[in-house]
Amino acid sequence: MPTELPKAYEPKDAQQKWLTFWEERGYFHAQPDKSKKPYTIVIPPPNVTGALHMGHALNNTLQDVLIRWRRMQGYNALWMPGTDHAGIATQSVVERLVFSQEKKTRHEIGRDELVKRIWDWKDKYETRILGQLRELGASCDWKRTRFTLDPVCARAVRETFFRMFRDGYIYRGKRLVNWDAHLQTSVADDETYTEDTKGGFWTFKYAVDGEPDTFISFSTTRPETMLGDSALCVHPSDERYKHLIGKTVTQPHTGRKIPIIADGILADPTLGTGCVKVTPAHDPNDYACWQRHPEIAIINILNPDGTINENGGEYKGLDRYKAREAVTKKMEELGLFGGKEDRVIPLKFSDRSKTPIEPYLSDQWFVKMADRDDGKPGLAQMTMDAVTDGRVKFFPERYARSYLDWLAEKRDWCISRQLWWGHRIPVWSKPLHALDVTRGSYWPQGIAGDETRFAMRETLDDNGNGLALCCVGPDAEDLEQVLQAQGFVQDPDVLDTWFSSALWPHSTLGWPGPALPEERGDRAAPNWDTMRAFYPTGTLVTSRDIISLWVARMVLTGLYNVNEIPFTDVFIHPQLQDAFGERMSKSTGNGIDPLDIVERYGADSLRYQMVSIAGDTQDSRMPVSNVCPFCDTLVPIKQEHLRGRTKRLKCPGDKTKGITCGKEFRPGGPWTSDDPEVPTAKQASERFDQGRNFANKLWNATRFLLMNLEGYAPGEVKLDALPTEDKWLLSRLATTTKVVTAALEGYKFSDVSRLVYDFVWSEFCDWYIEMSKGRLKDAAARPTAQRVLAGVLDGILRLVHPVMPFVSESLWEALGEAAPERGLPLPAKAEEAACIAKWPSYPESWISPEVEARFARMQDLVRGVREVRNRYQVDDKTKLDVSVKCIESVAADFNTLSAFIAPLAGIANFTAGPNTAKPKPNGSVVRPEFEAYVALAGYIDEAAEAKRLEKQIAEKQKALAGVKSKLSNEKFVSSAPPEVVQQQRDALADIEKQIATLEENLRDMRG
RNA sequence: GGGCGUUUAACUCAGCGGUUAGAGUGCCUCCCUUACAAGGAGGAAGUCGGGGGUUCGAAUCCCUCAACGCCCACCA
């Protein structure tokens, strides 16, 4: 009859079993259901570039805890999973792969072929990533899995772009981009890195027009950009140059007359000569200066391949570095060269080609963030308002500031990327002069009257010629064909990845409707029903580095498209760092592979630790070790191992275990590649011991119960009739349940794990189970003990489930076999799975501080006896007499329980009740906390014991003095809250009593 | 440069105005007691980063200095 569990928890079997079980039962699938309150989370879609790392484990564990908890609470809980196409990251990974395998660039294989290769890559890695997510126990609604390039998402992108274009929020403009002249593409800021590089610092001078012998000097690190100079700039209050402001100089290479302007932001009188050349098309600062001084020219001197274009006059066609020499030489010849200084300068490089970045002016698409001309709030303002008026709340609150500060700049959002992988910009263009304007319309023929599906605009191209732009909405392939037939050409660029990510909460839920046919096998297509049922979502869980890139933009598009916020709460979790406080990243090579942890410690342990880490600090450190593949020793990672500096590690062995290994292996991690000669280490961290041990503790507590459930009969448990330790346990259970629920509501994840752990381990296992052992042998007491044990364990498994779903599900099953009906105070049939069990709550009336205080007295007693016993190494043969004169109520409570208190304290002889051991025998020790007499005749070191007592008395007296001074202080008594004053009075009485007992005992000790 | 955070035991972190500052790991002693050695019992270990202030009372609030880190901007 009693179910026998294996001795230790084996995570692997459980993980496999329950993943299948949960999915087969369809517990994670949510359908619109008006009878339940919805709770939705959309996953921050991982990039399809590669493997999951620890940050994903953290992020997704927290979401799973929330979604499982809400599901148990009876919400219609939907966790929408998916992945992100991650434009540049994915394209560059595949480009590199193609190049390493076939030595072909993307231009050589062509757009269609490259995109096809990326799709192949994506299919492979999407499967892998989603599989990894499943292994963590993520209870996503897998049938709704989305990818940001799915037709559903594409429709949303098209619709959004179309509306923004039509409403004038999207415009075409120039912007300086990071240009990779080698790959001939622009790269995002985060795809560049800065490195100190040997360079030069040249000083030149230009002659001021109409002022003989007047020169003005400036310095530069890039002389070739002189070809694109369109001004010299000085500080408006710089006395050296004041008189020259407004005059012109002649740029010697091009012969252009360029003005000397004043700009207090660009020019710093304390730097260099105080005068700076202005090259708006090739320097970000100069570009900003040009925006403030639109009257000066903006001259692009580069071709996409990094050679000088026709604006460079005679230097046309030269590579930029050759041009640099030539330009400098010419200045020397003209006597305008003022010297060169070798200097180490920080230079931006492209991460992908490792070549220097050129700031390059190009046409880009933008979303206008500024306030509108009609005075209504613009997109940025609207997005800010949602947070300032509290519709969207940040947890922790301080992060609202990052969001608001960034939006307050109202900088336009550049949404075009010169890539092939992504949502193509849905705009077709044709030069105006090629259009038949005689009909009085620029519109393409044959589509007039379809203005709900397209929008037209005019703009200027690079050369200042008119260009007709036509933006086409979704579901309008016919229009696209008409346009193409008439010579309109689609913009080659794709949209910023964040543009589709920004729509994620509503695009995945069915906006813009109407329903689409199922476009991918068994995946459920969203529609207006899902949109209505699950939007807005409940909580967004993410990390702070994408508050502006992603969070803000989701709010923006939610408000713009749906007129409704995308989520009510944003929880920002800490960022993981390594043992040295550095952020985990691929380039640092200090990441942890979560699957290594799952393998070694179990998914529950990983999850437990992730939850423990998620407090409200912004960083959390995670020291990690490599596990020697030969001897299983944990070798902590050191700083010098990072950044790929250590390719191989030598195992130092483990002296404490007498292991001298000395073999070599390759450090592990999510981003390592294989070393053909030595094995790659798995990773581990002692931090995960706690979770693994906790799972095992739960396992064995259940195991204990199952071994003692014979004859179990469900029945009502009447609180009033219960012994004190039961009342205590139920009080603790009710309290724990209440505070855990509150912690979840407030996103205090680390509190959740700590509270549950402490309750289970220190209270349920260490005390209650120990105390129950005696009762389980007593026929009269056994039934109640069984009911309480089963009922409390039932509650524990529910509380644990969101954090540790696998072990709790296993134990739920085992408990279900032995005690299918259980519960407090009344038994009920248990649900078929912990996964769908009801989240517990217990009557407030169970919580009794008074009972808890009485129990604490007993604990003090037992601990005191154990301490003495331990100090003198009392073995069974030694006589150890204990008598107790606890506070009367406590004594009365536990009188009947001496049978278990004695073994608990590990003592042979135990009498409870009023003290009868007077006079105390020589060598007795008094524990003042509980007034217990422990006698070890002849065994005590009296001098040492006296000294100990003196020390204790001194400590107590110090405490007493503190309390006394407080209570004698009128201000304290009058101004502190009454309960605090009372607390102090109680403390005073307590301490005085303790001191009296100690002193009495000290006298005895000295004979 | 702007913003934010951290500094408490050897390590990783709780505590955030009120008796003698806690946990896990590690360390020391004892115990393989039929739930659990991934365990049990006990112990040692901290001028709460430095300095100043507010308060009857400060690890906790304020100021300041220092170190470390993260985000954003920037570096002719």
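Since we're looking at a predicted model, the values are computed, not measured.
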Bracket string, RNA chain B, 5' to 3' - pairs by Watson-Crick or G-U geometry under 3.5 Å, | interstrand: ((((((((.[[[[.)..(...]]]].(((((.......))))).....[[[[[..)....]]]]])))))))....
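Judged as a salt bridge (Lys or Arg N to Asp or Glu O under 4.0 Å), and not counting sequence neighbours, the contacts of Glu599(A) are Lys682(A). Looking at residues two or more places apart in sequence or on another chain, you find a side-chain contact (heavy atoms from CB on, under 4.5 Å) between Arg401(A) and Asp405(A). With sequence neighbours left out, Asp412(A) forms a salt bridge (Lys or Arg N to Asp or Glu O under 4.0 Å) with no residue at all. Partners of Glu397(A) by salt bridge (Lys or Arg N to Asp or Glu O under 4.0 Å), not counting sequence neighbours: none found. Residues satisfying the side-chain contact (heavy atoms from CB on, under 4.5 Å) criterion with Gln984(A), sequence neighbours excluded, are Val963(A), Lys966(A), Leu967(A), Phe972(A). Partners of Phe704(A) under the ring-ring contact (aromatic ring centres under 6.0 Å, His included) rule, at least two apart in sequence or in another chain, do not exist in this structure. Ser685(A) pairs by the side-chain contact (heavy atoms from CB on, under 4.5 Å) definition with Met622(A), Arg687(A), Phe688(A), not counting sequence neighbours. The salt bridge (Lys or Arg N to Asp or Glu O under 4.0 Å) search around Glu409(A) returns Arg411(A), not counting sequence neighbours.
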Contact pattern, 5' to 3', of nucleotides 28-35 of chain B - B, S or - by protein heavy atom under 4.0 Å: -SS----B
Output a table of donor-acceptor pairs, distance under 3.5 Å, between side-chain atoms of residues 608-616 of chain A and any protein atom two or more places apart or on a different chain; print 'none' if there are none.
| residue | atom | partner | partner atom | Å |
| --- | --- | --- | --- | --- |
| Ser612(A) | OG | Tyr608(A) | O | 2.8 |
| Ser612(A) | OG | Ser753(A) | OG | 3.2 |

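Listed by residue number, the members of residues 398-410 of chain A with any heavy atom below 4.0 angstrom from RNA chain B are Arg398(A), Arg401(A).
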